[in-house]
Number of protein chains: 2
Amino acid sequence: MTTRVITLKELAASLDLSITTVSRALAGHEQIALKTRERVAQAARQAGYVPNTAARTLVSGRSGFVGLVLPIRGPNLVDSFLGEFVTGLGEGLVSHGADLILATAALGHSELSVLRHVVESGRADGVVVTRIAETDERLAYLRERGFPFVAHGRLLDSDFGYNWLDTDGAHAFGEAFDMLYDLGHRHFGLVTISEAMTFRHLRQDGLAAAIARRGDPSVRLDVVTAPRFDQEARIEAVNRMLRGPDRPTAIVALFDELALTVMEEAARAGLGVPRDLSVIGFDNIAASAYAPPGLTTFDASIRHCAREIADMLLTVIAEKPGKPLTRLIRPTLVARASHGPAPRTRS
Amino acid sequence: MTTRVITLKELAASLDLSITTVSRALAGHEQIALKTRERVAQAARQAGYVPNTAARTLVSGRSGFVGLVLPIRGPNLVDSFLGEFVTGLGEGLVSHGADLILATAALGHSELSVLRHVVESGRADGVVVTRIAETDERLAYLRERGFPFVAHGRLLDSDFGYNWLDTDGAHAFGEAFDMLYDLGHRHFGLVTISEAMTFRHLRQDGLAAAIARRGDPSVRLDVVTAPRFDQEARIEAVNRMLRGPDRPTAIVALFDELALTVMEEAARAGLGVPRDLSVIGFDNIAASAYAPPGLTTFDASIRHCAREIADMLLTVIAEKPGKPLTRLIRPTLVARASHGPAPRTRS
DNA sequence: ATTGAAATTTAAAACGTTTGCATTTTTGCA
DNA sequence: TGCAAAAATGCAAACGTTTTAAATTTCAAT
C-alpha cells in the first residue's frame with residue numbers, strides 16, 4: 001500500500017544522469033542530445049514519473065493554476081450557471097495544461113479577502129472574477145496589484161482598462177423590444193432586480209436605447225424592481241405590474257427566473273400567455289423549456305463564454321498584452337411560445 | 001504596479017527575529033513567548049503577510065487541497081449537479097482551511113489519467129470521486145496507491161473497504177412503490193438507462209425488493225432501457241412503454257430528465273398525468289417544478305451530501321481511520337402533482 | 001555573584017524542482 | 001594526432017517554507 005512517488009533525483013540516478021540533464025530532457029531542451037531525450041522520456045514514462053507541483057511552482061514562480069472565488073450563494077439557490085461555467089473554464093484551461101482552483105469564502109469572510117489570499121499565497125497565476133458589482137473592490141484590488149485577471153462582465157464606467165468578456169445583454173434586450181414592437185406591442189414592462197450588479201443597467205439601458213431608436217412616442221415602458229433573492233417580494237412586484245389597471249402587453253424580465261415568476265403569476269391571474277401577455281426572459285435556464293407554454297429567451301452559452309475567458313486569461317498570463325483584451329458575446333434568441341402578437345383590445 | 005509579496009524572511013528581518021521564530025509564532029507554538037507571538041501576529045497582519053503555498057507544501061507534504069476530476073460532459077449537458085456539488089464541497093472544505101482543485105480531462109485522455117496526475121504530482125491531499133461505474137478503475141487505483149479519497153456512490157460489491165457516501169436510491173424507489181401501491185397501482189413501469197453506473201442497479205433493486213416485500217403476485221413491473229445521452233432513443237424507449245397494448249399505470253424513472261420525457265410523451269399520446277398515468281422521478285431538478293403538472297420526485301440534496309463528503313475526506317486525511325467511513329443519505333420525497341390514484345378501468 | 005534548569009530563540013537542513021554558469025565530451029578539420 | 005569549436009552534461013544556487021537539534025537568554029534559588 002501507499003506507493004511512494006518517484007522523484008527527479010531517483011529517476012536521474014536510475015539513468016545515471018544528473019538531475020539537471022533529466023530535467024532539461026523532459027522539458028525538451030534542444031541542448032540535450034536527442035538520443036538522451038528519448039531515453040529519459042522512455043524511462044520517465046515507464047517509471048510513471050510526475051513532477052512535483054509544489055517544487056516546480058516554488059522555483060519557477062508559476063503554479064499552472066487559475067483561481068476562481070466561488071460566489072457566496074444562498075442556501076436554496078439552484079441553477080446551472082456555476083456548473084457550466086467551471087466546465088467551460090476547465091475545457092479552456094486543460095488544452096494549455098492549466099487547472100482550476102476553487103476557493104470558497106467562509107461565513108463572515110468577504111469574497112475580497114479570499115481573493116487576496118489566493119493571489120498572495122501564490123496559488124494561482126491568474127484569476128477569473130464573475131458577477132461584477134456596480135462598484136467592485138475586487139477589480140480595483142487586482143488592478144492595483146497588477147495581477148492577471150479576466151472579468152466575466154463589465155463595470156459601467158472605469159478609469160482604467162482591464163480584461164473582460166461580457167454577454168451583450170443590451171443588444172439582446174434591444175432585439176427583444178424590436179421583435180415585440182413589430183408584433184404590435186406598444187406598452188412594455190420590465191421586471192428587474194434591486195441588487196447592485198452592472199448587468200441590470202446594461203440590459204435596461206439596451207432596452208431604453210432601442211425604444212429611443214424607434215422614436216415612437218406611443219411606446220410606454222413600466223419598470224418594477226424586486227430584491228433578487230426574496231421570492232415573496234418578487235411575486236408581489238410582478239403582481240403590481242400584472243394586476244394594475246393598465247398592464248403592459250409585453251413583459252421583459254431581467255432573467256429567466258423572473259420571467260418564470262411572471263408566467264406563473266399571469267396564469268394565476270387568468271391571463272393567457274402569449275394571448276394576453278407576451279413574456280421574454282434571459283439566460284435560457286433548463287426550466288424555461290418546460291414551463292408552459294415554453295419561455296422565449298436568450299441563450300448566453302455560459303460554457304462557451306467560460307472557455308473563451310480561460311483562453312483570454314492564459315494569454316494575459318503568458319503574454320502580458322499592452323492593451324486590455326475585451327470581448328462582447330451576442331446571445332442568441334431562443335424563440336419558444338411565450339411571445340406573440342399584441343392583443344387587439346387593450347384591457 | 002505589480003506589488004511584490006512579502007516573504008517570511010522579510011517579515012522576520014523587519015521584526016529583528018529569525019525566520020524560525022516568526023514561522024513558529026505564526027503557527028502559534030507554545031514555546032514562543034506570548035509577547036513575541038502577539039508582536040509577530042500584529043506585524044504579519046499589518047504587512048499583509050500570506051505564506052507561500054508552494055513552499056509550505058513542498059516542505060510539509062501537505063497541499064491543503066482536495067482534488068475533483070471533472071466528469072467529462074457532453075456538449076449540451078445542462079444540469080445543476082456540478083454547481084451544487086462544488087458549492088457543497090467548498091462549504092465543507094473552507095471551515096478547515098482547505099480548497100478545491102478541479103482538474104479536467106483533455107479530449108482523448110481518460111479520467112483515470114487525470115486522476116493519476118493529480119495524485120502523483122502532489123497537488124492534492126485527497127480526492128473526491130463521483131459517478132461510480134460498475135467496474136471502476138479509479139477506486140482500484142486509489143486503493144492500491146493508499147491515497148485518501150471518498151466516493152460519492154458505491155460499488156455493487158467489492159473485495160475491499162473504502163470511504164463512501166451515497167444517496168439511498170434503493171430506499172427511495174421502495175418508498176415510491178409503496179406509495180403507488182397504496183394508491184391502487186399494480187402495473188408498474190421503470191424507465192432506466194443502459195450506462196454502466198452502479199446507481200441504476202441500486203435503485204432498480206430497491207424497487208424490486210419493495211415489490212417482493214409486498215408479496216402480491218398481481219404486481220407487475222415492465223422495464224425499458226435507453227442510452228443515457230441519446231434523446232431520440234430515450235423518447236423511443238418511453239413510447240415503447242406508453243403506446244404498448246397494455247401500459248403501466250405508474251412509471252418510475254431512474255432520474256428526473258427521464259421522468260420529464262415520460263410526461264412530455266404522455267401528453268403527446270393524450271394521456272393525462274396523473275389521471276391516466278402516475279410518474280415519479282428522482283433528483284428534484286429545477287425543471288421538475290415547472291413541468292406540468294409538477295413532477296413528484298425525490299430530493300437528494302447534493303449540496304448537503306457534498307459538504308458531508310468534504311468533512312469525511314478531511315477526517316480521512318487527518319486521522320487515517322482504521323475502518324472505512326460510510327454514510328447513506330435518505331432522500332426526501334417531494335410530492336407534487338404527477339402521482340395519484342390508479343385509474344379505475346384498465347385500458 | 002553563581003549555577004542549573006527552564007524558557008526562548010536560532011542556525012541549518014530539507015522538500016523537489018529549474019536554471020545560470022562551468023565543465024566535460026564529442027566532432028570536424030588540419 | 002592534435003586542437004579548437006560545438007555539443008552535451010553537470011554543479012550548485014535558488015525558490016520560501018517547516019522542523020530538528022542546538023544555542024542562547026532568563027530566572028529562581030543558593
Side-chain angles (χ1 to χ4, degrees), chain A residues 3-41 43-44 47-65 97 117-125, chain B residues 3-41 43-44 47-65 97 117-125:
Chain A
T3 323
R4 273 240 358 294
V5 167
I6 194 176
T7 78
L8 199 53
K9 189 147 103 179
E10 291 159 348
L11 184 61
S14 82
L15 282 160
D16 204 23
L17 284 170
S18 74
I19 293 181
T20 308
T21 303
V22 175
S23 172
R24 289 211 173 100
L26 289 172
H29 285 210
E30 292 285 329
Q31 83 194 109
I32 303 295
L34 182 60
K35 206 170 50 185
T36 311
R37 294 211 294 271
E38 283 167 349
R39 196 160 67 95
V40 170
Y49 170 73
V50 178
N52 179 291
T53 303
R56 171 178 281 187
T57 300
L58 185 58
V59 61
S60 72
R62 280 282 173 79
S63 70
F65 282 116
H117 193 260
V118 168
V119 167
E120 292 169 28
S121 66
R123 294 159 123 79
D125 303 330
Chain B
T3 324
R4 272 233 7 290
V5 166
I6 193 177
T7 77
L8 199 55
K9 188 148 105 179
E10 290 160 349
L11 183 61
S14 81
L15 282 161
D16 204 23
L17 284 171
S18 74
I19 293 180
T20 309
T21 304
V22 176
S23 173
R24 289 220 172 93
L26 290 173
H29 285 211
E30 293 285 330
Q31 83 193 112
I32 302 295
L34 182 60
K35 204 170 53 185
T36 311
R37 294 212 295 271
E38 283 167 349
R39 196 161 68 94
V40 170
Y49 170 73
V50 178
N52 180 291
T53 302
R56 170 177 282 187
T57 301
L58 185 57
V59 64
S60 73
R62 279 283 172 81
S63 70
F65 281 116
H117 193 260
V118 168
V119 168
E120 292 169 29
S121 67
R123 294 157 122 81
D125 303 331

* Do the non-hydrogen side-chain atoms of B:S14 and B:L11 ever get within less than 4.5 Å of each other? -> yes

* Nearest-angstrom distance from the residue atom CD of B:Q31 to C1' of C:dA6 -> 13 Å

* Structure fact -> Heavy-atom contacts, protein to nucleotides 14-20 of chain C, under 4.0 Å, summarised as B (base), S (sugar-phosphate only) or - (none) per nt, yield BBBBBBB

* Rounded to the Å, how far apart are B:I32 CD1 and D:dT19 P? -> 13 Å

* Asked: Could you state the interatomic distance from OG (A:S121) to CZ (A:R123), rounded to the nearest 0.5 Å?
  -> 4.0 Å

* **Nearest-angstrom distance from the residue atom CG of B:L26 to P of D:dT19** => 13 Å

* What integer distance in Å separates A:E30:CD from D:dA6:C1'? -> 15 Å

* Asked: Atom CZ of A:R37 and atom C1' of D:dA8: how far apart are they, to the nearest Å?
  -> 11 Å

* Contact summary for B:L26 and B:A44, nearest pair of heavy atoms -> CD2-CB, 3.8 Å

* To do: State the NE2-OG1 distance between A:H29 and A:T21, to the nearest 0.5 angstrom.
  => 11.5 Å

* Asked: Do any N or O atoms from the side chain of A:D125 and from the backbone of A:S63 form a donor-acceptor pair under 3.5 angstrom?
  -> yes

* Structure fact -> In terms of heavy-atom contacts, B:A47 and B:I6 come closest through CB-CD1, 3.8 Å

* Rounded off to whole Å, could you give me the CG-to-P distance for the B:L17 and C:dA7 pair? => 20 Å

* Touch class at under 4.0 angstrom, heavy-atom based, for A:T57 against every strand present -> nothing

